[in-house]
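Chain A is the first sequence line, chain B the second, and so forth, proteins listed ahead of strands; every chain is numbered from 1.
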Amino acid sequence: MKEYDHQEIEARWQKKWWDWDIDKVGFDPSKPKCYVLDMFPYPSGEGLHVGHPKGYIATDIYSRYQKMRGFNVLHPMGWDAFGLPAENYAIKNKVHPKVAVAENIAYFKSQLKKIGFNYDWEHEINTTDPAYYKWTQWIFLKLFEKGLAYESWEPINWCPSCQTGLANEDLEDGKCERCGSMVEKKPMRQWMLKITDYAERLLADIDGLNWPESIKESQRNWIGKSEGVLVKFEITNSKSETKNPKEIEVFTTRPDTIFGVTFLAISPELAKKWLDDGWEASEEVKNFIDELLQWRATNNFKTDPEKKGLATGILAVNPANNEQVPVWITNYVLGDVGTGAVMAVPAHDERDFDFAQKYNLLISDAPLVSREEGINSSGGINTVRYKLKDWVFSRQRYWGEPIPLIHCEKCGVVSVPEKDLPVVLPEVEHYEPTGTGESPLANITDWVNTTCPKCGGLGKRETNTMPQWAGSCWYYIAYTVSEKLKSQITNSKVSDLIFNASDLNYWLPVDMYVGGTEHATRHLIYARFWHKVLFDLGYVSYPEPFTKLKNQGLVLGEDGRKMSKRWGNVVNPDDVIELYGADTLRLYEMFMGPFEQGGVWSTNSMIGMRRFLERIWRLMDKVGEVGTLNSETEVLFNQTIKKVGEDIIAFQFNTAISSLMILVNKLEELTQAPKNVFETVLILLAPFAPHLTDELWGRLGHAKSIHLQAWPKFNETKLISEQTTISVQVNGKMRGTINIKHDDGEEEVLNQLKNDPAFAKWLAKGIERAIYVPDRLINIITRPLLDDGSNK
RNA sequence: GCCGUGGUGGCGGAAUUGGUAGACGCGAUGGACUCAAAAUCCAUUGAUCGCAAGAUUGUGAGAGUUCGAGUCUCUCCCGCGGCACCA
């Protein structure tokens with residue numbers, strides 16, 4: 001047989017699969033479903049590097065396997081094309097984002113197709129398609145109508161470089177996650193989503209998810225629940241007729257320490273609020289508050305390493321023991337945590353202790369009481385707090401979904417009626433950010449000016465756009481109804497048809513979701529939030545979108561650094577495929593190591609996978625109609641069928657491949673490989689190396705694709721050999737092995753051992769007892785030697 | 001600091017969940033084939049000692065449980081990730 005020409009074979013089979021429509025998927029309630037999902041990419045201008053497809057290869061293998069097992073498998077792909085990366089690329093290259101996105105998608109798609117994925121491209125979606133974002137807008141309106149979207153003028157995170165407001169989730173170490181600029185606090189009008197209303201459910205439902213522990217833990221930390229008690233301290237020396245504060249409310253998780261309180265510490269933010277409400281404080285106090293607030297503003301609300309404080313002169317009463325304690329303004333209490341005021345217990349809290357020492361404050365040795373006694377004695381109220389903040393949902397950028405609201409002087413904020421959706425992103429001359437805090441859309445007056453849907457009077461469109469994450473909050477739903485989506489852009493009457501479709505709840509929830517860990521506290525929280533809202537509204541019938549999640553480990557460049565143009569260490573899959581083939585690439589990425597673990601790319605190491613495929617190619621020459629396996633190889637054969645299936649389910653692709661190699665190594669030793677055995681090997685390998693296996697399958701005389709075959713079954717009775725090798729230990733030390741019959745009992749093994757001269761010297765001392773583990777080992781405990789060297 | 005996760009040859013990694021540590025692959029060394037090279041095939045390949053048969057040692061460190069520990073328990077050390085003056 002001539003050489004294995006991967007280029008010719010792969011191109012030919014990719015075309016055949018396309019012509020044969022073998023990857024087409026449809027709603028079919030007669031079959032059990034399996035929804036396998038990849039986190040869809042942002043189609044950047046850079047194209048894919050070899051790290052990107054790792055997850056896609058895994059889901060491809062998984063979904064091919066599930067399909068062969070008889071599941072109706074949905075495994076779609078699409079494009080998350082709104083947002084800053086696409087827009088910045090467009091600005092830099094001076095093309096309209098729409099054009100840039102189309103080009104980038106075409107490139108990404110060509111790269112993906114070369115890898116031989118089984119995506120049904122008829123389910124493809126694109127978040128920037130008006131037919132798609134019509135529904136993103138529609139869901140936003142559902143949130144708005146439910147009171148979960150609201151306007152706010154609170155200071156938010158502003159990235160001076162991206163010139164837009166950001167959500168907490170978009171920050172990394174106080175910097176813009178996208179560009180690394182220091183983020184400022186800026187008061188501006190914002191649309192917020194009330195994700196905090198769902199904090200408890202988002203937290204509680206984590207427990208039931210089959211997700212990696214680290215992601216679940218990240219989400220728990222991010223939601224940051226703390227259970228504590230609210231306690232009120234009356235202020236005693238406040239002049240009753242003035243506007244001076246009358247009481248201070250503190251939040252504590254340690255009511256049991258209430259008798260040890262020696263002062264109250266309040267944040268400068270709370271003190272400022274008092275001043276705004278008319279508190280008559282001294283100049284010194286006012287200046288101190290200003291000083292602390294100034295520090296925080298310029299240091300982006302970071303921690304000041306040095307504790308500072310100033311006594312206010314105010315005294316408050318500890319409700320537990322009626323003792324008066326002084327109230328201090330400090331820089332170690334945060335304004336946006338708890339109530340912005342802390343009951344300080346220097347005896348039990350390190351921070352309070354440091355502060356008390358510095359300012360010579362009392363440190364009480366009052367004993368701890370029970371939690372209940374602390375609450376009862378102080379009249380505290382059990383309270384739950386979360387670190388999670390509401391989601392800043394508007395962006396002052398062009399390339400996002402317009403928020404479908406109209407501002408009317410008479411009627412206030414009004415929803416765009418469903419029949420008028422989508423609110424299409426207008427064409428503009430300049431889509432660069434304005435920097436004024438207004439979106440570029442604000443300049444397009446004939447788009448902005450409209451009529452109020454309620455009163456018919458003058459109305460102005462909301463000009464902020466939605467964040468990057470909006471489109472990905474429901475794309476997994478969109479795939480299930482993608483053909484309806486396309487037909488409905490102009491059809492305004494079918495309002496809820498998409499979200500009442502039976503195929504939607506046939507496919508949902510996603511059974512296997514695969515992507516990177518970087519989405520732990522962004523996309524994966526946002527999507528869960530939207531999903532729960534849709535669940536409450538009755539559109540989806542299961543409260544979680546993704547029941548099972550796997551993270552692929554990061555593929556690093558050959559130099560051990562993250563693949564990036566900057567380091568010049570990017571490997572393009574196209575090049576690898578040209579040289580070695582897509583099947584080799586697929587095998588290598590799965591063989592590199594455990595799927596969820598990262599690893600360093602090595603083009604050199606790929607040669608091993610290529611050799612493996614070539615060995616199979618050559619094994620074809622040894623295939624014969626007749627011929628049988630000896631019993632040992634037959635056992636191995638059955639074990640391999642079992643293991644490959646189990647490993648795919650567990651995402652242990654590296655060991656699945658290795659077990660196939662072991663079997664192939666064995667088959668190579670034969671003078672003739674039985675045809676049915678070889679065919680089974682091809683089927684087992686088909687999800688991993690779809691092109692080569694289909695080619696050989698065809699050469700064996702099959703007219704239909706190997707990918708339409710059923711997954712092979714193994715013979716339960718042929719998983720253990722008749723003859724087996726067990727290990728022999730003497731006093732717990734390995735001393736050799738011995739061949740026994742599979743069902744030999746302890747006595748038989750022991751007898752055989754005693755007659756084996758190889759072990760005579762170890763057993764000379766005499767056998768005290770033996771531990772026999774069937775099919776595993778026998779451990780002989782010898783009699784201890786006596787002082788005189790004898791054993792009797 | 002709290003939480004999570006990991007640490008095994010020159011390298012990537014296996015190990016039936018307490019039972020032959022290093023499967024499989026890369027690399028390396030020696031050999032066969034070849035005018036030669038590539039490819040392929042065969043052999044060896046944790047370390048130490050030994051001509052050898054073989055012995056000793058070995059899974060981040062130390063203790064423990066057990067006939068037996070990479071695996072279980074305790075105490076540490078280091079890497080990675082999340083949260084963090086969070087009251």
Side-chain angles (χ1 to χ4, degrees), chain A residues 3 212-226 228-229 231 250-254 257 264-265 267 302-307 330-334 336-345 348-352 354-355 385-387 517-518 520-521 551 553-554 587-588 591-594 596-602 604-609 611-612 614-615 618 639 642-643 646 652 654-665 668 719-720 725-738 761 768-782:
Chain A
E3 233 174 84
E213 200 48 48
S214 59
I215 300 283
K216 289 166 60 161
E217 203 53 29
S218 292
Q219 292 213 348
R220 289 189 192 106
N221 287 340
W222 188 257
I223 295 168
K225 181 178 184 173
S226 61
V229 175
V231 179
V250 300
F251 176 73
T252 180
T253 54
R254 297 288 308 274
T257 65
L264 296 188
S267 61
K302 274 221 151 70
T303 302
D304 189 336
E306 194 196 339
K307 286 190 173 50
T330 72
N331 66 343
Y332 80 93
V333 176
L334 305 175
D336 58 351
V337 176
T339 60
V342 171
M343 57 175 228
V345 189
H348 291 290
D349 185 287
E350 210 179 306
R351 293 153 305 176
D352 297 341
D354 291 347
F355 190 81
R385 301 264 162 180
Y386 301 91
K387 200 186 79 67
T517 53
E518 67 274 16
T521 57
N551 290 123
L554 198 63
L587 276 174
Y588 174 64
F591 191 72
M592 277 177 79
E596 305 206 57
Q597 192 178 300
V600 174
W601 179 266
S602 164
N604 280 340
S605 300
M606 280 208 328
I607 192 73
M609 299 304 115
R611 283 179 192 151
F612 174 53
E614 284 173 358
R615 293 216 313 270
R618 274 183 257 120
Q639 284 172 341
K642 183 163 185 273
K643 182 159 177 61
E646 286 171 356
Q652 286 160 358
N654 54 336
T655 49
I657 294 168
S658 131
S659 68
L660 278 166
M661 286 173 165
I662 293 168
L663 178 61
V664 168
N665 289 349
E668 276 180 326
L719 290 171
I720 298 164
T725 305
I726 67 165
S727 56
V728 178
Q729 295 185 354
V730 179
N731 295 323
K733 285 207 172 206
M734 264 299 298
R735 294 301 178 193
T737 59
I738 184 172
K761 71 171 178 178
E768 174 139 312
R769 66 182 176 116
I771 294 117
Y772 177 61
V773 183
D775 291 331
R776 284 271 86 90
L777 59 62
I778 184 157
N779 186 8
I780 307 292
I781 312 302
T782 57

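- A cation-pi arrangement is absent between K307(A) and F355(A) under the rule of less than 6.0 angstrom and at most 45 degrees off the ring axis.
- The side chain of N331(A) lies closest to C85(B) when the candidates are C3(B), G27(B), C85(B).
- Ranking C3(B), C86(B), U56(B) by closeness to the K733(A) side chain, first place goes to U56(B).
- You'll find a donor-acceptor pair under 3.5 Å spanning the side chain of K307(A) and the base of C85(B), going by distance alone.
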Listed pairs, N/O of protein and of nucleotides 5-12 of chain B, under 3.5 Å:
| from | atom 1 | to | atom 2 | distance (Å) |
| --- | --- | --- | --- | --- |
| G12(B) | O2' | M592(A) | O | 2.2 |

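- Per the geometry, CD belonging to E668(A) stands 10 Å off P belonging to G25(B), to the nearest Å.
- Under 4.0 angstrom from either OP1 or OP2 of G25(B) there lies at least one side-chain N or O belonging to N665(A).
- Note on I781(A): only backbone sugar-phosphate atoms sit closer than 4.0 angstrom, heavy atoms only; bases stay farther off.
- Atom CE of M661(A) is separated from atom C1' of C26(B) by 10 Å (rounded to the nearest Å).
- Counting non-hydrogen atoms under 4.0 angstrom, D352(A) reaches nothing in the nucleic acid.
- Side-chain contact between V342(A) and Y332(A) is absent, with no heavy atoms from C-beta onward closer than 4.5 Å.
- Nearest to the side-chain atoms of M609(A) among the listed nucleotides C26(B), G13(B), G25(B) stands G25(B).
- When the side-chain nitrogen and oxygen atoms of K387(A) are compared with OP1 and OP2 of A84(B), one or more of them lie within a distance under 4.0 Å.
- In the set G25(B), C85(B), U40(B), the nucleotide with an atom closest to the side chain of R618(A) is U40(B).
- Comparing the P positions of A23(B) and G9(B) gives an interatomic distance of 13 Å, to the nearest angstrom.
- Residue-to-nucleotide contacts include no donor-acceptor pair under 3.5 Å from the side chain of N221(A) to the base of C83(B).
- Across the protein-nucleic acid pair, F612(A) atom CZ and C26(B) atom P stand 11 Å apart, rounded to whole Å.
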Tabulate atom names and distances for all N/O pairs under 3.5 angstrom spanning the protein and nucleotides 46-49 of chain B.
none

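- The 5' end of RNA chain B is approached more closely, in terms of each residue's nearest nucleotide, by P594(A) than by the other of P594(A) and N779(A).
- One distance of note links CD1 of I780(A) with CZ of R769(A); it measures 11.0 Å at 0.5 Å rounding.
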Base-pairing string, 5' to 3', of RNA chain B - Watson-Crick or wobble, under 3.5 Å, | interstrand: (((((((..(((......[....)))((((((.......))))))((((....))))..(((((..]....))))))))))))....

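- In this structure, L554(A) atom CG and C80(B) atom P are separated by 14 Å, rounded to whole Å.
- Nucleic acid contact class of V333(A) (heavy atoms, under 4.0 Å, all strands): base.
- Of all nucleotides listed (A15(B), G4(B), U20(B)), A15(B) comes nearest to the side chain of T655(A).
- You'll find a donor-acceptor pair under 3.5 Å spanning the side chain of R776(A) and the base of U16(B), going by distance alone.
- Counting any heavy atom pair closer than 4.0 Å across all strands shown, S218(A) reaches sugar-phosphate atoms only and no base atom.
- A69(B) and C78(B) have their P atoms separated by 28 Å, given to the nearest Å.
- For C67(B), neither phosphate oxygen OP1 nor OP2 lies less than 4.0 angstrom from any side-chain nitrogen or oxygen of R735(A).
- A salt bridge is defined here as a Lys NZ or Arg NE, NH1 or NH2 lying under 4.0 Å from an Asp or Glu carboxylate O, and R220(A) with E217(A) meets this definition.
- Separation of atoms CD (E3(A)) and CD (E614(A)) is listed at 7.5 Å; rounding is to 0.5 Å.
- Between K216(A) and the phosphate of G81(B), there is no side-chain N or O to OP1/OP2 separation shorter than 4.0 Å.
- In the set C26(B), C41(B), C24(B), C26(B) carries the atom at the smallest distance from any side-chain atom of R611(A).
- A38(B) and G30(B) are spaced 13 Å apart, taking the P atom of each and rounding to whole Å.
- Look at the P atom in both U56(B) and A21(B): the space between them is 13 Å, to the nearest Å.
- A15(B) and G60(B) have their P atoms separated by 16 Å, with the value rounded to a whole Å.
- Here the separation of A47(B) from A39(B), taken at their C1' atoms, is 34 Å to the nearest Å.
- Distance noted for atom C1' between U34(B) and U45(B): 26 Å (whole Å).
- OP1 or OP2 of C67(B) has at least one side-chain nitrogen or oxygen of R769(A) nearer than 4.0 Å.
- Along RNA chain B, the nucleotide closest to I662(A) and the one closest to T737(A) are compared, and the more 5′ of them pairs with T737(A).
- For the P atoms, the distance linking U59(B) with C26(B) amounts to 27 Å, nearest Å.
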